[in-house]
Colleague: 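Please find one structure pasted underneath; my questions will follow.
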Amino acid sequence: MNKHNRLLLNIVSQKSRFLYVFLVFVGALGLSMVTGGVVSANLYARLNNRSLTIGTTEPGEITSYTVTWQYPASSTIGSVRFVLCADPYVLDACSMTPAGNMSSALLSSQSGETGFSIASQTANEILMTRPASLAGTMQNTYVFDNVMNPTGIHSKFYWQIFTYPTADGTGTPNYISSVASATASPIMINTKVPPILYFCAALTIDDWCETVDGNFIDYGTLDAENGHSSSSQFGAATNALGGYVVTVNGNTMTSGNKKIQALATPTAYQTGQAQFGLNLRANINPALGQDVYGDGTALVTADYDTPDMFKYQDGDIVATSATGTVFNTFTVTYVVNVPPDLPSGVYNTTLVYICTASF
Amino acid sequence: MKRYLRMFVAMTVMAGFIVAQLGNVSGQSNALAISPRKDYNLSPGQSIDDTLTVTNRNSEEPLNLNLSVIDFDSQDETGTPKLMRDATERTAWSLKNFIDLPQQVVVAPGETTRIPIRIDIPADTGAGSYYSAIEYSAGGANGESQVNISASGVSLVFVTVPGQAKQQLSLLQFGAFVQDQSGNTGSFKGLYFSDRPKVLAYRLKNDGNIAENPNATIIVKDFSGKVVYEIEDANQKDQLALRGQTRRFDSCINPEDVVHNTSAGTDINSIVCGDTNFAPGRYTAELSVTYGSNGNETRTLTEKTTFWYLPWWFIGLMVVGLAVLIGAGFYVWRRIESYKGRKTRRR
């Protein structure tokens with residue numbers, strides 16, 4: 001092999017080496033991209049088996065609070081701080097302080113690690129202390145009397161717990177956790193706007209259901225040569241943050257034990273075949289219907305959202321809104337087609353549109 | 001005359017179907033406004049008397065309502081209830097036997113009625129969550145006509161019986177999420193090429209007998225560990241994971257609270273996911289879910305996930321930059337090898 005060829009071979013082999021390194025680098029980069037990586041993380045040392053029990057759930061009531069926990073390991077404990085907070089996120093400052101009051105709380109009972117007394121207290125914080133000593137892993141329970149529940153209706157709240165090796169609540173806590181409880185008043189307080197769900201269904205409706213008109217459709221004589229279609233409307237709105245769903249319920253058109261077959265999947269309109277279906281779109285065939293309108297955020301579900309394709313299944317969801325929304329009006333187009341050999345009779349159905357808030 | 005009479009009779013017999021003119025006859029309201037949800041905290045042996053508010057939105061026709069208590073379950077991983085209207089047996093969490101309310105109510109046009117409801121919790125009821133739905137069926141559909149339209153509203157009723165109950169939530173999945181148009185379905189995604197991520201979602205499986213309303217927080221950090229987004233309430237809609245349900249909770253990274261003033265006299269709040277301003281790069285999200293209250297152990301679930309935002313223009317820049325780097329490196333290597341070669345030849 002001459003010098004020229006050896007040089008070429010050398011260059012090619014060096015280029016291959018570079019190419020190899022480049023591909024490995026890109027491959028590693030790509031692998032790190034697509035590997036989402038879900039890794040369990042213990043962000044901080046927590047107390048085990050912890051809970052908060054309140055004597056009564058009435059907002060604003062004076063009652064007793066029983067808090068209990070276990071240390072995960074033997075630790076030096078000198079003081080414990082309780083902070084009333086609207087969130088359990090102990091790694092950050094409390095987002096909001098519920099309107100409760102711990103300033104008159106009394107430590108009436110303690111078990112497990114004992115010897116504590118209240119060193120300081122405010123409306124939303126209690127610091128109890130003792131001479132620092134080694135704490136075991138038994139269950140510890142502390143009962144505070146004379147605590148006022150946060151006011152308001154159905155309010156979840158938290159006690160954030162910080163334990164310290166020092167006897168005065170200073171320094172770095174060795175454990176931090178939170179415990180939850182909630183007040184619940186069964187009687188609505190009139191100062192708060194309650195959640196409301198507005199709903200109506202008829203042949204025609206207007207905004208916010210103030211006018212609704214007609215509640216039945218009669219096709220007259222059903223025959224195989226001429227298809228039959230009609231429409232109705234429904235509308236909804238809610239201030240419930242979870243939004244709502246609307247389902248359509250009822251059998252297909254029946255006459256005794258005879259029925260017109262409902263369309264199990266979205267199907268095109270076809271005369272001369274047994275079809276009962278609906279959709280919530282503006283259609284060309286048949287030329288009927290209207291797309292959803294209004295300022296709300298509600299949408300038609302996928303199976304009923306294609307023009308000129310119709311379906312019907314008892315209980316299907318036809319419209320949803322994922323959040324609170326102002327009024328939307330939906331127009332339902334119904335199609336009824338019958339085969340030439342359909343047994344005679346009076347075929348009818350009752351369709352019930354049910355509107356439910358989401359939980 | 002007789003011939004015409006015979007023709008008339010024959011035509012009537014041959015019809016075979018009832019022929020009637022298309023009707024817009026109403027006489028009955030199908031328009032209502034109701035309380036969509038009621039929550040109670042009742043101890044065993046305790047009772048409560050409350051009212052359900054119903055408004056007839058139709059200003060001309062009365063609203064004839066039939067009231068019934070129906071059990072429900074979860075439909076899927078969202079908050080859509082599955083009404084068990086044809087069920088013959090009660091669920092383990094049913095309130096059917098605990099609720100007493102009238103079966104029929106008439107609401108005058110444009111008026112609001114308060115319907116009395118009483119809930120009695122038996123003394124031997126175990127701690128946990130119990131729930132059923134109250135269906136308000138607007139009656140009056142003409143059953144003789146071919147397609148009758150009827151409207152029903154539903155209120156969901158939840159009762160929490162405090163005490164030591166079985167609570168077990170498992171965190172199944174957490175990550176950046178892309179919703180479909182309706183927000184009901186979608187998919188988890190770790191790599192974004194065009195749109196910036198807007199939603200983080202987590203899935204919880206509830207194997208306890210409490211309908212859990214978890215509190216969750218999420219922190220999003222960039223590759224350097226700097227916090228770029230902090231979601232203090234990742235369950236802002238106070239959504240529930242029902243007994244036995246696997247529930248997906250979607251949380252907007254940048255939630256926007258939109259208020260609509262309405263002609264109906266009620267302000268409507270909506271939570272929509274605003275745009276995020278992620279720069280290209282790798283991000284880490286840390287989730288902390290807390291649940292359990294009122295004497296039940298408070299527990300915390302944590303999870304960490306990563307996602308990338310790599311827009312196409314950024315990838316293009318990176319490729320070009322990498323090519324330049326490799327080219328420069330190869331050029332330098334060639335120069336070094338050439339220098340070595342000349343040195344060797346001189347020897």
Side-chain angles (χ1 to χ4, degrees), chain A residues 33 36-39 41 43 49-51 53 57 88-89 95 154 179-182 184 186 195-203 208-209 212-221 232 239-242 245 299 320 322-326 344 346 348-359, chain B residues 16-20 22-24 26 30-31 33-34 36-37 39-41 48 50 57-58 79-81 141-142 145-154 156 175 182-183 190-191 215 217 232 237 239-240 260 262 264 266 268-271 290 293-298 302 304-306 308 326:
Chain A
M33 287 182 193
V38 176
V39 177
L43 300 177
N49 203 22
R50 60 189 191 274
S51 67
T53 306
T57 57
Y89 190 54
S95 60
H154 202 98
V179 287
S181 193
I196 304 175
L197 179 65
Y198 299 84
F199 183 62
C200 56
L203 292 190
W208 293 96
C209 303
V212 295
D213 197 21
N215 55 15
F216 72 89
I217 300 166
D218 198 323
Y219 292 106
T221 304
S232 71
N239 60 350
L241 279 178
V245 294
L299 298 169
T320 65
T323 184
T325 174
V326 294
S344 64
V346 177
N348 56 36
T349 183
T350 296
L351 297 181
V352 181
Y353 290 89
I354 300 178
C355 186
T356 314
S358 300
F359 54 84
Chain B
F17 296 99
I18 293 175
V19 176
L22 288 168
N24 276 348
S26 54
N30 263 330
I34 59 172
R37 178 172 159 177
D39 292 86
Y40 304 95
N41 197 310
I48 190 72
D50 197 2
R57 296 289 298 168
N58 191 320
T80 302
N142 184 351
S145 300
Q146 290 183 339
V147 178
N148 301 282
I149 308 298
S150 182
S152 286
V154 168
L156 305 180
S182 69
L191 190 52
N215 184 292
T217 55
E232 290 187 347
K237 298 176 187 175
Q239 294 171 330
L240 300 175
H260 303 268
T262 72
T266 305
I268 302 276
N269 278 67
S270 304
I271 296 176
T290 303
S293 65
N294 284 354
N296 292 295
E297 183 183 341
T298 301
T302 58
K304 204 185 267 190
T305 189
T306 57
W308 290 79
I326 292 172

Colleague: Kindly indicate whether the side chain of B:Asp50, heavy atoms from C-beta on, has any atom under 4.5 Å from the side chain of B:Tyr40.
Modeller: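 SC-SC contact between B:Asp50 and B:Tyr40 confirmed.
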
Colleague: Hey, which of B:Asn58, B:Leu156, B:Thr80, B:Thr290 has the most heavy atom pairs under 4.5 Å with chain A?
Modeller: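 The residue among B:Asn58, B:Leu156, B:Thr80, B:Thr290 with the greatest pair count is B:Thr80.
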
Colleague: Using side-chain heavy atoms (C-beta onward) and a distance below 4.5 Å, is A:Phe216 in contact with A:Asn348?
Modeller: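 Answer no - side chains too far apart.
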
Colleague: Would you confirm whether B:Gln239, through its side chain, and A:Phe359, through its main-chain N or O, come within 3.5 Å as a donor-acceptor pair?
Modeller: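 Side chain of B:Gln239 to backbone of A:Phe359: no pair is present.
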
Colleague: Using a 4.5 angstrom heavy-atom cutoff, name the option from A:Leu351, A:Val179, A:Thr53 with the most pairs to chain B.
Modeller: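 Most pairs with chain B among the choices: A:Leu351.
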
Colleague: Check each atom of B:Leu240 against the heavy atoms of chain A and say whether the ones under 4.5 Å are side chain, backbone, both or neither.
Modeller: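 Contact with chain A is through both the backbone and side chain of B:Leu240.
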
Colleague: When you measure from the side chain of B:Lys237 to the backbone N and O of B:Ile271, does any donor-acceptor pair fall under 3.5 Å?
Modeller: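 Not confirmed, B:Lys237 side chain does not pair with B:Ile271 backbone.
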
Colleague: Pick one of side chain, backbone, both or neither for A:Ala322, based on which atoms fall under 4.5 Å of a heavy atom in chain B.
Modeller: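 Backbone plus side chain of A:Ala322, per the 4.5 Å heavy-atom cut-off to chain B.
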
Colleague: With a 4.5 angstrom heavy-atom cut-off, is it the side chain or the backbone of A:Leu299 that approaches chain B, or both, or neither?
Modeller: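 Contact with chain B is through the side chain of A:Leu299 alone.
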
Colleague: Using atom types as modelled and distance alone, determine if a side-chain donor or acceptor of A:Arg50 lies under 3.5 Å from a backbone N or O of B:Glu297.
Modeller: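 The answer is no, because no donor-acceptor pair under 3.5 Å joins these two groups.
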
Colleague: Answer with side chain, backbone, both or neither: which region of B:Asn296 has an atom nearer than 4.5 Å to a non-hydrogen atom of chain A?
Modeller: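 The backbone, not the side chain.
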
Colleague: Below 4.5 Å from any heavy atom of chain B, which atoms of A:Val245 appear? Answer side chain, backbone, both or neither.
Modeller: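 For A:Val245, the contact with chain B is made by the side chain alone.
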
